[in-house]
Protein chains: 2
Amino acid sequence: MKTIDELPERTAEGPVKLSDVASEARVALSTASRALSNPERVNVKTRMRVLAAAARLGYASNVAARSLRSGLSRTILVIMPPWRSRGVLDDAMRGVDAKLMSAGYSMITGSLNEDFTADHRLIDMARGGLVDGILAVANELPAGGPLPVLSARLPAVGLMIDLSAHGIPSVLTNDREAVSALTSQLIAIGRRRLAYLGAPSDNYHDVERFAGFSDSLQKEGLAPTRLEGNFDFASGERAAAGYLALEQRPDAVVCANDDMAIGFMKGVCAAGLRIPEDVAVTGFDGGEFAAYTSPGLTTLRQPAEQMGAASASLLLQLINGEDPPVFQRMIVSAILDERGSTPALGAAKR
Amino acid sequence: MKTIDELPERTAEGPVKLSDVASEARVALSTASRALSNPERVNVKTRMRVLAAAARLGYASNVAARSLRSGLSRTILVIMPPWRSRGVLDDAMRGVDAKLMSAGYSMITGSLNEDFTADHRLIDMARGGLVDGILAVANELPAGGPLPVLSARLPAVGLMIDLSAHGIPSVLTNDREAVSALTSQLIAIGRRRLAYLGAPSDNYHDVERFAGFSDSLQKEGLAPTRLEGNFDFASGERAAAGYLALEQRPDAVVCANDDMAIGFMKGVCAAGLRIPEDVAVTGFDGGEFAAYTSPGLTTLRQPAEQMGAASASLLLQLINGEDPPVFQRMIVSAILDERGSTPALGAAKR
DNA sequence: TTGAAAGCGATACCAT
DNA sequence: ATGGTATCGCTTTCAA
């Protein structure tokens, strides 16, 4: 995986600008400009020199200057209703939005591509001076996600993604601990054959949650079963088929998120099993839907909106150059929302 | 309601800039600048003159110039995973994002406030030259939403909101027609006491959908019942209580969206009614979750992603100054997703 | 084909 | 307290 440090660094003198590229390539400023924006109007040989220089220096054109001069921003303003409460991410964004708004900041949301890499233009924005800071948010991200943009060396914060290894403070849920506690409660009420429904294991949250699950099983000397999904409804439903095919069907299934849990419930209900009598099911996230399945889904709710707000505050703090936070991870506790998909978990000790 | 035309217009000479304000207020450029950004460092009297002039001219500071000079953009780049398929809006945004991306455009998403008014900064962005066009998207918006920003007189398109009355081309679903057809089908299978679960009636979609519902009832000489909600789950559940209290309970309930339908189903199921035997329920939107309730929810699905992409194309077309579209509304047909919450609707003629 | 120079609009320093 | 002016980084004529 390409790490930040392999990418060209900004010099101590600040962002590299077109004039730097020009002198590096030993051409005039205007020629450098043309080489980049109207390549066909420049001698091939010179063009290559410029391009090479730009690459070597890690040049990113300053978006503000460009749009000021050209009168074109290549940017669209999308106006939407306030963030709706759907899924953790939206909840989180609501918190982010509110906080940034009240601090007088705007937000450019750049989605990653389907393969979770950052688009080229995102990187330009990050390094081209149009933004003051970066908030990387992700809950279902494989490792190696938005890193290239972080090479902008701008103040940055991770939300629901652990970037602390890169020196970027991150706001996270206590996935491992919370799942472990929940698992222990399931054991405490007598469940003995427990399964975990997870996702491809390069996902931070899956790793953590599965670890929490395993921790508790090991403590009791129980053996874990693992089912595979990919965080969406359909994969949960497919996993149900796998579950039904087991000779010794687990009597409790801990899912890595709500969506899979909901799909899973549909699958096993359709087969005539009773929830929670035959199998207890739990989710993770605490989306609004969880209260509207039948039975309702017991889940670990992430206080997403607060986490969003916290991450935004943190970022603003970094931008304003106040004393950097003493922590690298801000861990927020998930909250257990108990519903019909599990028997009463009672006062099982945490 | 404040309409576009009451707002200050840009002069034919283009956006008003600080120098215009300065001369209008009969002060130096630098003084005008200070009056706006460091008010306390300017004599009250002069300050008022400047502020008045700015207001009179409808001045909006050029964001590009400001951030170029000050080195501060007051903008945060938020990096997110690809749009997820939740709710219509997200689906729609996925289409928008893909289209804009491939055309080399970036997106600034500005949420409206909780009261559905545009934030002051949104308006600045729109009028301050940082964006080339505006896409207003909304499905649950009361009338009078994002209009002020549209005063920027930039190319604009409405998505799931009808702004055609303001000369802004809009991409819409055939709400009225689709609901009417569905209602007729319910009548065709023998339902006679039909209710509509709607939302505050200044909402475009609610108005259209209710009209479609009423159309079909009138055709058969049936009387409509109307229940009130506000588009969210909880309001659907509350509406169920109202429904249960009716002496003559309707045997079919057409809901203005999926969320209310889902909440409503939960409410009536909890009371022991059977769906669809005792009461058939339908939704609108076709979110992913509709397939995971029990029973599954019959709903009119909006092809949101395609609509999003279409609206983005349209906007780009306007920006590029190609021949403006000959239509003011692009109407897309909703698709009936038939599930367990209604008896087989069969081949009822449309 | 390349280079020099004139702005784009706003800010902030330095005078007054 | 106010006014003049250099400057931010880049694009774009206009000459050479």
Side-chain angles (χ1 to χ4, degrees), chain A residues 10-11 13-51 53-54 57-75 124-125 127-132, chain B residues 10-11 13-51 53-54 57-75 124-125 127-132:
Chain A
R10 291 183 169 194
T11 64
E13 290 77 32
V16 11
K17 17 188 204 179
L18 190 51
S19 61
D20 298 331
V21 176
S23 48
E24 170 87 2
R26 312 188 58 96
V27 296
L29 180 59
S30 48
T31 305
S33 172
R34 248 168 319 199
L36 294 171
S37 35
N38 292 65
E40 70 283 353
R41 295 177 47 176
V42 154
N43 183 304
V44 192
K45 196 158 155 43
T46 356
R47 186 200 314 169
M48 297 313 275
R49 272 224 313 288
V50 175
L51 262 41
L57 269 44
Y59 170 73
S61 127
N62 181 311
V63 188
R66 186 220 298 283
S67 74
L68 172 57
R69 178 59 230 228
S70 66
L72 274 177
S73 63
R74 293 237 132 199
T75 295
D124 282 0
M125 310 226 85
R127 316 191 57 195
L130 196 64
V131 303
D132 296 338
Chain B
R10 290 183 168 195
T11 64
E13 291 78 30
V16 5
K17 18 189 203 178
L18 190 52
S19 61
D20 299 331
V21 176
S23 49
E24 171 88 3
R26 315 186 60 95
V27 295
L29 180 59
S30 46
T31 305
S33 172
R34 245 168 324 196
L36 295 170
S37 34
N38 293 65
E40 70 280 355
R41 294 176 47 177
V42 155
N43 184 305
V44 192
K45 198 160 155 42
T46 351
R47 186 199 314 168
M48 297 313 274
R49 272 223 314 288
V50 175
L51 262 40
L57 268 45
Y59 170 73
S61 134
N62 182 311
V63 189
R66 186 220 299 283
S67 73
L68 172 58
R69 176 60 231 218
S70 66
L72 274 179
S73 60
R74 294 237 132 198
T75 295
D124 282 359
M125 311 227 85
R127 315 191 57 192
L130 196 65
V131 303
D132 296 337

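The chains referred to below are lettered A, B, ... by the order of the sequence lines, with proteins before strands, and numbering in each begins at 1.
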Inset, instruction - Please determine, for the side chain of B/Val42, which listed nucleotide (D/dC10, C/dT11, D/dT2) has the closest atom? - result: D/dT2
Legend entry - Protein-nucleotide distance (B/Leu36, atom CG; D/dT2, atom C1'), rounded to Å: 15 Å
Inset, instruction - Ignoring backbone atoms, establish whether A/Ser30 has a side-chain N or O less than 4.0 Å from OP1 or OP2 of C/dA4. - result: no
Legend entry - Nearest-Å distance for atom pair CG/P, residues A/Leu72 and C/dG9: 13 Å
Inset, instruction - For C/dT2, take OP1 and OP2 only and decide whether either is under 4.0 Å from a side-chain N or O of A/Thr46. - result: yes
Legend entry - B/Thr31 side chain, from C-beta outward: closest of D/dT2, D/dG9, C/dT2: D/dT2
Inset, instruction - Rounded off to whole Å, could you give me the CG-to-P distance for the A/Leu68 and C/dA10 pair? - result: 9 Å
Inset, instruction - Would you kindly compare B/Ala64 and B/Arg41 by the position of their nearest DNA chain C nucleotide and give the one closer to the 5′ end? - result: B/Ala64
Legend entry - Distance below 4.0 Å between B/Ser33 side-chain N/O and C/dT11 OP1 or OP2: yes
Inset, instruction - May I ask you to verify if any side-chain N or O of A/Tyr59 is less than 4.0 angstrom from the OP1 or OP2 atom of D/dC10? - result: yes
Legend entry - Atom pair OG/CD of A/Ser19 and A/Glu24 - distance to nearest 0.5 Å: 11.5 Å
Inset, instruction - Would you kindly give the CZ-to-C1' distance between A/Arg69 and D/dT11, to the nearest whole Å? - result: 5 Å
Legend entry - B/Leu29 CG - C/dC13 P separation (whole Å): 16 Å
Inset, instruction - Report yes if some heavy atom in the side chain of B/Val42 is under 4.5 Å from a heavy atom in the side chain of B/Val27; otherwise report no. - result: no
Inset, instruction - Compare all side-chain heavy atoms of B/Thr75 with those of B/Val63 and state whether any distance is below 4.5 angstrom. - result: no
Inset, instruction - Give B/Ser67 one of three labels, base, sugar-phosphate or nothing, depending on what nucleic acid heavy atoms sit under 4.0 Å from its own. - result: nothing
Inset, instruction - Check the distance between D/dA1's P and B/Arg49's CZ and give it to me in whole angstrom. - result: 15 Å
Inset, instruction - Could you tell me the separation between the CG atom of B/Leu18 and the C1' atom of C/dT11, rounded to a whole number of Å? - result: 9 Å
Legend entry - Close side-chain approach of A/Val21 and A/Leu29, heavy atoms under 4.5 Å: no
Inset, instruction - Kindly indicate whether the side chain of A/Val50, heavy atoms from C-beta on, has any atom under 4.5 Å from the side chain of A/Arg47. - result: no
Legend entry - B/Arg34 vs A/Asn38, nearer the 5' end of DNA chain D by closest nucleotide: B/Arg34
Inset, instruction - Measure from the side chain of B/Ala28, starting at C-beta and using heavy atoms only, and say which of D/dT12, D/dG3, C/dT2 lies closest. - result: D/dG3
Legend entry - Spacing of B/Arg66 atom CZ relative to C/dG9 atom C1', expressed in whole Å: 11 Å
